[in-house]
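Below you'll find the structure, written out as structure tokens, and then a few comments.
Only a predicted model underlies this, so the values are computations on that prediction, with no experimental measurement involved. Residue numbers start from 1 in every chain, and the chains themselves are labelled A, B, ... in the order their sequence lines are given, proteins ahead of strands.
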There are 2 protein chains.
Amino acid sequence: MSYDVYDSECPARAVLDHVGDKWALLVLHRLSQGSTRFNALRRDIPGLSQKVMSQVLKRLERDGLINRQAFPTVPVTVEYSLTGLGECLTANVGPLLRWAEANMEQIKAAQSAYDARVVEAA
Amino acid sequence: MSYDVYDSECPARAVLDHVGDKWALLVLHRLSQGSTRFNALRRDIPGLSQKVMSQVLKRLERDGLINRQAFPTVPVTVEYSLTGLGECLTANVGPLLRWAEANMEQIKAAQSAYDARVVEAA
DNA sequence: ATAGTTGGTTACTAATAGAAACTAGATGAC
DNA sequence: GTCATCTAGTTTCTATTAGTAACCAACTAT
């Protein structure tokens with residue numbers, strides 16, 4: 001059976017909803033650098049609130065992209081890591097992030113030019 | 001000057017907000033297959049409303065990823081196409097969509113297993 | 001006349017994102 | 001003793017966004 005992301009009934013659309021998410025992309029990329037605990041992840045990704053992070057982690061775990069492992073320490077520590085499937089995905093996410101970093105100057109220039117055009121038209 | 005997507009003040013974060021968007025990914029991928037008009041794009045991507053599409057296209061145009069060209073036909077037709085920058089980006093988006101399509105079976109299995117575990121725990 | 005085409009915008013509502021406070025159970029500082 | 005801090009979250013509330021449906025102008029074909 002094959003899937004087509006353009007089909008709105010396709011379950012791949014649901015996955016794209018998770019993968020095509022700024023926080024999920026950042027979390028996956030961070031985990032590709034090694035297993036990380038909840039709060040460490042939060043410190044590494046400023047701006048991501050505890051609530052949203054907990055939601056993102058649950059979705060990614062449900063999709064089989066990350067593992068959640070709780071250790072009975074005091075206080076309990078929880079470690080998140082990529083599954084094989086997740087690793088396979090992050091191989092495709094890395095280039096996207098590197099592209100964003102590498103092409104920022106061009107994008108900022110395009111935005112300024114666009115804004116100037118809009119102001120002129122108004 | 002270099003950028004770091006983990007920095008919440010980094011403008012690359014703003015771009016990631018646009019790129020890390022399910023509709024933007026689909027639109028960019030569709031345009032990588034050739035220039036397309038507004039309504040044709042809408043027909044090709046079922047589930048994407050006119051309002052959201054118009055917003056997505058404006059953001060992508062502002063970021064310098066797509067061109068908007070209006071022809072003075074009757075009624076006016078508008079053609080959207082990738083810029084050089086956009087083409088460069090979609091080279092990284094394609095693999096992501098293909099990954100989603102290729103790994104759906106595994107993801108669905110993971111979701112079922114997760115849901116079964118959650119029900120059992122409840 | 002009426003329906004259909006083009007590319008949008010507007011108004012309204014439902015869902016989500018985000019900020020801030022709170023939980024519990026144990027440890028360390030004063 | 002008690003106050004602050006660590007852990008990993010949850011809860012509550014509000015602000016933003018996503019989505020649905022209707023509407024717009026200008027024109028064509030029936």
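If you take CE of B:M53 and P of C:dT6, they are 11 Å apart, rounded to a whole angstrom. To the nearest angstrom, C1' of C:dG7 lies 12 Å from CG of B:L41. Straight-line distance from the CG atom of A:L26 to the C1' atom of C:dA17: 15 Å, rounded to whole Å. Taking atom NZ on A:K51 and atom P on D:dC13, their separation rounds to 13 Å, with Å as the unit. The CD atom of B:Q50 sits 8 Å away from the C1' atom of C:dG7 (whole-angstrom rounding). Rounded to an integer number of Å, the gap from NZ of A:K22 to P of C:dA17 is 9 Å. The nearest whole Å value for the distance from the CG atom in B:L57 to the P atom in C:dT6 is 15 Å. Atom CZ in B:F71 sits roughly 13 Å away from atom P in C:dG8 (whole-Å rounding).
Remark: A:K58 is in phosphate contact with D:dT10, judged by side-chain N or O atoms under 4.0 Å from OP1 or OP2. The side chain of B:R43 places an N or O atom within less than 4.0 Å of a non-bridging phosphate oxygen (OP1 or OP2) of C:dT6. Regarding contacts with the backbone of D:dT10, a side-chain N or O of A:S54 is found under 4.0 angstrom from either OP1 or OP2. Neither OP1 nor OP2 of C:dT5 sits under 4.0 Å from any side-chain N or O of B:R42. Remark: A:R37 is not in phosphate contact with D:dG9, judged by side-chain N or O atoms under 4.0 Å from OP1 or OP2. For B:W23, a side-chain nitrogen or oxygen approaches OP1 or OP2 of D:dG19 to under 4.0 Å.
For the residue pair A:E61 / A:N67, no side-chain donor-acceptor distance below 3.5 Å is found, with atom types taken as modelled.
Counting all heavy atoms, side chain and backbone alike, A:S35 lies closest to A:E79 at CB-OE1, 3.6 Å. The shortest heavy-atom contact between A:L41 and A:R30 is CD1-CG, 3.4 Å.
Closest approach to the A:V74 side chain among C:dG7, C:dA26, C:dT6 is made by C:dA26 (side chain taken as heavy atoms from C-beta onward). In the set C:dA17, D:dG9, D:dA18, D:dG9 carries the atom at the smallest distance from any side-chain atom of A:R68.
Annotation: the span from B:I107 atom CD1 to A:L85 atom CG amounts to 5.5 Å, rounded to 0.5 Å. For the atom pair A:S32 OG and A:L89 CG, the distance stands at 10.0 Å (nearest 0.5 Å).
Nucleic acid contact class of B:R59 (heavy atoms, under 4.0 Å, all strands): none.
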